[in-house]
Amino acid sequence: MTFVVTENCIKCKFTDCVDVCPVDCFHEGPNFLVIDPNECIDCTLCEPECPANAIFAEDELPDNQEMFISLNAELAKQWPIITEVKTPLADADDWNGKPDKLKQLER
Ligand code: SF4
Ligand code: F3S
């Protein structure tokens, strides 16, 4: 199993998740983070840390978020590892909870 970053991370990128991951499985893009499913050890630590509630266990994903399983796997191969917390994106609080953010994803 793996944990998965879902849509509400887009344009927020709070990065609190990065601080607790014991195996450095987060990868960073311009406005979204993903988890490398081959590295995640299912420790559960990141899930409660996300202020945007964007992280779910693979088998507990909300119905419309299932495509993020493959998206995390795909983008983890392309984006660099992030290991340190950063300042959230500008307007992160405004974007937190907005619907239909997938079209805002920058690759
Ligand atoms: Fe990292 Fe644990 Fe979250 Fe997996 S569940 S991404 S190992 S903190
Ligand atoms: Fe994204 Fe939440 Fe981490 S917004 S960067 S998954 S803390």
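Whatever order the structure lists them in is the order used to number ligands and atoms, beginning at 1.
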In terms of atom number and element, which parts of ligand 1 are under 4.0 angstrom from non-hydrogen atoms of Val23? 7 (S)
Under 4.0 Å from a heavy atom of Asp16: give me the atoms of ligand 2 that qualify, with their elements. 7 (S)
For atom CD of Glu106, decide whether the heavy atoms of other residues, nucleotides or ligands shown that lie under 6.0 angstrom number more than 12. yes
Of the protein's non-hydrogen atoms, which lies at the shortest distance from atom 1 (Fe) of ligand 2, and what is that distance? Cys9 SG, 2.4 Å
My understanding is that only one of Glu49, Glu28, Glu84, Lys86 makes a side-chain contact (heavy atoms from CB on, under 4.5 Å) with Thr15; could you say which? Lys86
Of the backbone atoms (N, CA, C, O) and the side-chain heavy atoms from C-beta on, which set of Ile55 has a member under 4.0 Å from an atom of ligand 2: side chain, backbone, both, or neither? side chain
Identify, by atom number and element, the atoms of ligand 1 in contact range of Ile35, meaning under 4.0 Å from any of its heavy atoms. 6 (S)
Using a 4.0 Å cut-off to any heavy atom of Cys50, which atoms of ligand 2 qualify? 2 (Fe), 4 (S), 6 (S), 7 (S)
Atoms in ligand 1 with a heavy atom of Cys25 nearer than 4.0 Å: 1 (Fe), 4 (Fe), 6 (S), 7 (S)
Sub-4.0 Å atoms of ligand 1 with respect to non-hydrogen atoms of Thr44: 2 (Fe), 5 (S)
Atom 5 (S) of ligand 2 sits nearest the protein heavy atom Thr15 N, 3.2 Å
Within the 4.0 Å heavy-atom shell around Cys43, which atoms of ligand 1 are there? 2 (Fe), 5 (S), 7 (S), 8 (S)
Report the nearest protein non-hydrogen atom to atom 3 (Fe) of ligand 2: residue, atom name, distance rounded to 0.1 Å. Cys17 SG, 2.3 Å
Closest non-hydrogen protein atom to atom 7 (S) of ligand 1, residue and atom name please, with distance? Ile41 N, 3.4 Å
Under 4.0 Å from any heavy atom of Lys13, which atoms of ligand 2 are there? 4 (S), 5 (S)
To which protein heavy atom is atom 1 (Fe) of ligand 1 closest, and what is the distance rounded to 0.1 Å? Cys21 SG, 2.4 Å
What about Ile35 and Leu45, same hydrophobic cluster or not, with Ile/Leu/Val/Met/Phe/Trp/Tyr joined at side-chain heavy-atom distances under 4.5 Å? no
Checking only N/O/S atoms, does Cys12 have one that is under 2.8 Å from atom 1 (Fe) of ligand 2? no
